[in-house]
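All heavy atoms count here, side chains included; hydrogens, waters and symmetry mates do not. Sequence lines set the chain letters: A, B, ... in the order given, protein chains first and strands last, and positions in each chain run from 1.
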There are 2 protein chains.
Amino acid sequence: MDATKVDVPEELDENFKKFLTSKGLRVTNQRLAIFSAAFTCENHFTAEDLLDSARKLDDSVSRATVYRALPLLTQSGLIREVDVGKDYKYYAANKDAKTFQAQVICEDCDTIFEIDAPFMEWYGKTVAEKLGLTTVGQRLQVITKCHKSGSCKNIAAK
Amino acid sequence: MDATKVDVPEELDENFKKFLTSKGLRVTNQRLAIFSAAFTCENHFTAEDLLDSARKLDDSVSRATVYRALPLLTQSGLIREVDVGKDYKYYAANKDAKTFQAQVICEDCDTIFEIDAPFMEWYGKTVAEKLGLTTVGQRLQVITKCHKSGSCKNIAAK
DNA sequence: CTCGATGCAAAATTTTTGCAGTCCC
DNA sequence: GGGACTGCAAAAATTTTGCATCGAG
């Protein structure tokens, strides 16, 4: 689709730089590489995936820096953490979707589908309000099996 | 409420033994201690909590045995895993509640509330069906903060 | 220049596993 | 008595951290 190394929209790149400077943090090559890598990853990715991708842009990026950058990226709202109950965490770029997303997680082939579930916003707030608590986040996940039938790959390709 | 070490209903104890023998597994003192401990834990517990409790009943119980027993306990349906997005897993005895449960998780004081959410059964099955996948589990969680106001403890005591 | 950021390797955390000895059936 | 089970300690796997050095502002 393009021949350049980085196909992250200029605008997002600027947003990230603004975020860093507004927090008094420095704009480093490593942070930019990690950020770009996060946005070139197709779907969901792990810290290790991100390290691999970022190193393709800047091979000086270390694992520690990736782990130190991830909280910054989530705090900036540019990526979000997607905990699917595995031993390691997944992340995804916040490309679009401002409504609440549920995940359908296929155990057989490690596929994660994001599904719009706007009514959940209401559900969580209602439940928490009844208990007198402040809602800070919600998670709605359906765990499935495709029995390696390949149906997940088909749907994902759709 | 009682003076004996173990206050697990005789009936449940028998269920666990039956489960073990039906699978061709052996009934050992360690497994019984772990099982009893799981049912004497008030709310949700971690593997480490379970180890501590089990050791009060039988101090020969080792960490490895707890970790090896947990899959058996969940497979038997007597306890269930409750993944709340922390680095370690929580478990809870399946004392009652046959309907789907959602969790309200207070980040400030590590409290987990179980809430009946029967309609979720329908939601998950519908979504997965549309994708042609088989549902094997669901997770609905609301993450909250009580700002250490003590409201969680009050609700829990209710 | 200065102090935040980085890479490296060691540490921390939770869970798993290999092995020699134990004890249930 | 045989083989499943156990405890121990080492290993795995992911994430965090200390420290000397580097480099952005």
Side-chain angles (χ1 to χ4, degrees), chain A residues 13 16-38 44-76 79 81-91 110, chain B residues 13 16-38 44-76 79 81-91 110:
Chain A
D13 208 58
F16 182 51
K17 288 180 186 170
K18 274 180 198 162
F19 170 80
L20 289 176
T21 50
S22 75
K23 292 269 182 181
L25 300 168
R26 292 180 181 170
V27 177
T28 64
N29 282 334
Q30 289 89 341
R31 282 177 177 164
L32 290 177
I34 292 166
F35 167 77
S36 295
H44 297 74
F45 52 88
T46 64
E48 204 64 23
D49 293 336
L50 187 56
L51 174 63
D52 290 344
S53 303
R55 277 186 167 160
K56 285 177 188 154
L57 303 176
D58 178 344
D59 61 7
S60 80
V61 173
S62 75
R63 186 171 284 105
T65 300
V66 168
Y67 277 104
R68 284 188 273 233
L70 279 168
L72 299 178
L73 285 163
T74 54
Q75 281 160 41
S76 75
I79 76 168
E81 201 179 287
V82 182
D83 194 307
V84 298
K86 303 225 178 190
D87 295 337
Y88 41 87
K89 289 185 174 59
Y90 276 94
Y91 299 85
D110 275 336
Chain B
D13 210 58
F16 182 51
K17 289 182 187 170
K18 273 180 199 162
F19 170 80
L20 289 176
T21 50
S22 75
K23 292 268 181 182
L25 300 167
R26 291 181 181 171
V27 177
T28 64
N29 282 334
Q30 289 90 342
R31 282 177 177 165
L32 290 177
I34 292 166
F35 167 78
S36 295
H44 297 74
F45 53 88
T46 64
E48 204 64 22
D49 293 337
L50 187 55
L51 174 63
D52 290 344
S53 304
R55 278 186 167 161
K56 285 176 188 154
L57 304 176
D58 178 344
D59 62 7
S60 80
V61 173
S62 75
R63 187 171 285 104
T65 300
V66 168
Y67 277 104
R68 285 188 274 232
L70 279 167
L72 299 178
L73 285 163
T74 54
Q75 280 160 41
S76 75
I79 76 169
E81 200 180 288
V82 182
D83 194 307
V84 299
K86 303 225 177 187
D87 295 336
Y88 42 87
K89 289 184 175 59
Y90 276 94
Y91 299 86
D110 275 337

If I take atom CG in residue L51(B) and atom P in nucleotide dT15(C), what distance separates them, rounded to the nearest angstrom? 12 Å
Grab the CG-P distance between D59(B) and dC8(D) for me, whole Å please. 10 Å
Side chain T74(A), main chain P71(A), donor-acceptor under 3.5 Å: yes
In B/S/- notation (B base, S sugar-phosphate only, - none; protein heavy atoms under 4.0 Å), nucleotides 9-16 of chain D written 5' to 3' is -----SBB
Parallel, tilted or perpendicular, as decided by the 30° and 60° cut-offs, for the rings of F16(B) and F35(B): parallel
Restricting to side chain to side chain contact (heavy atoms under 4.5 Å, CB included), what partner residues turn up for A69(B), sequence neighbours left out? I34(B)
Not counting sequence neighbours, which residues clear salt bridge (charged side-chain N to carboxylate O under 4.0 Å, His left out) with D110(A)? List them please. K86(A)
Whole angstrom is fine here: how far is it from CG in L73(A) over to P in dA5(C)? 14 Å
For R63(B), check side chain to side chain contact (heavy atoms under 4.5 Å, CB included) against everything at least two apart and list the hits. E48(B), L51(B), Y67(B)
When rounded to whole Å, the CZ to P distance for the pair R68(A) and dC19(D) reads 13 Å
Just how far, in rounded Å, is C1' of dT6(D) from CG of N29(B)? 12 Å
Tell me: OH of Y90(B) to P of dT15(C), nearest whole Å? 11 Å
Among the nucleotides dG25(D), dT6(D), dC8(C), whichever has the atom closest to the side chain of T28(B) is dT6(D)
Please enumerate all residues that pass side-chain hydrogen bond (donor to acceptor under 3.5 Å, both in side chains) together with T21(B), with sequence neighbours excluded. none
In whole angstroms, the gap separating C1' of dT6(C) from CG of L70(A) amounts to 15 Å
Results of ring-ring contact (aromatic ring centres under 6.0 Å, His included) for F45(B) - residues two or more places apart only: none
Specify the separation, in whole Å, of atom CG of L32(B) and atom C1' of dT6(D). 14 Å
Which sits closer to the 5' end of DNA chain D, R55(B) or T21(A), going by the nucleotide each is nearest to? R55(B)
Nucleotide of dC24(C), dC5(D), dG25(D) approaching R26(A) most closely (side-chain heavy atoms): dG25(D)
